[in-house]
A.B. asks: 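Structure provided below as structure tokens; questions to follow.
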Amino acid sequence: MWFMIRKLQKTDINRVADIWLDTNLKAHDFIPAKYWKNNFQLVKKYVMIWSQK
């Protein structure tokens, strides 16, 4: 595993959203997976907005 610190780029959006989903599914297994999956596109939208700042 390796880490890199830099400004968020548009090419990072899918990976960041995937990490968000995977992490929430594992960390919050008491919340139905459907909740996280239904919010996935919304999170991708916000990650895209953040990447433009």
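Keep in mind the model is a prediction, meaning the values are calculated, not measured. Reckoned from all heavy atoms, side chains included, excluding hydrogens, waters and symmetry mates.
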A.B. asks: Identify, with sequence neighbours excluded, every residue that meets side-chain contact (heavy atoms from CB on, under 4.5 Å) alongside Q52.
C.D. replies: K10, M48
A.B. asks: Looking only at atom types and distance, does a side-chain atom of N39 sit under 3.5 Å from a main-chain N or O of Y35, one as donor and one as acceptor?
C.D. replies: yes
A.B. asks: Assess whether atom OH of Y46 is packed by more than 12 heavy atoms of other residues, nucleotides or ligands within 6.0 Å.
C.D. replies: no
A.B. asks: Under 4.5 Å between side-chain heavy atoms, counting indirect links through other Ile/Leu/Val/Met/Phe/Trp/Tyr residues: same cluster for F40 and L25 or not?
C.D. replies: yes
A.B. asks: Can you sort out the partners of L8 under side-chain contact (heavy atoms from CB on, under 4.5 Å), two or more places apart, ordered by chain and number?
C.D. replies: D12, V16, V47, W50, S51
A.B. asks: Please name all residues satisfying ring-ring contact (aromatic ring centres under 6.0 Å, His included) with W36, sequence neighbours left out, ordered by chain then number.
C.D. replies: W20, H28
A.B. asks: Roughly how far apart are I13 CD1 and I49 CD1, rounded to 0.5 Å?
C.D. replies: 10.0 Å
A.B. asks: State the OG1-CG distance between T23 and D18, to the nearest 0.5 angstrom.
C.D. replies: 10.0 Å
A.B. asks: If you compare all heavy atoms of N14 against all heavy atoms of K44, which two are closest, and at what distance to 0.1 Å?
C.D. replies: OD1-NZ, 2.8 Å
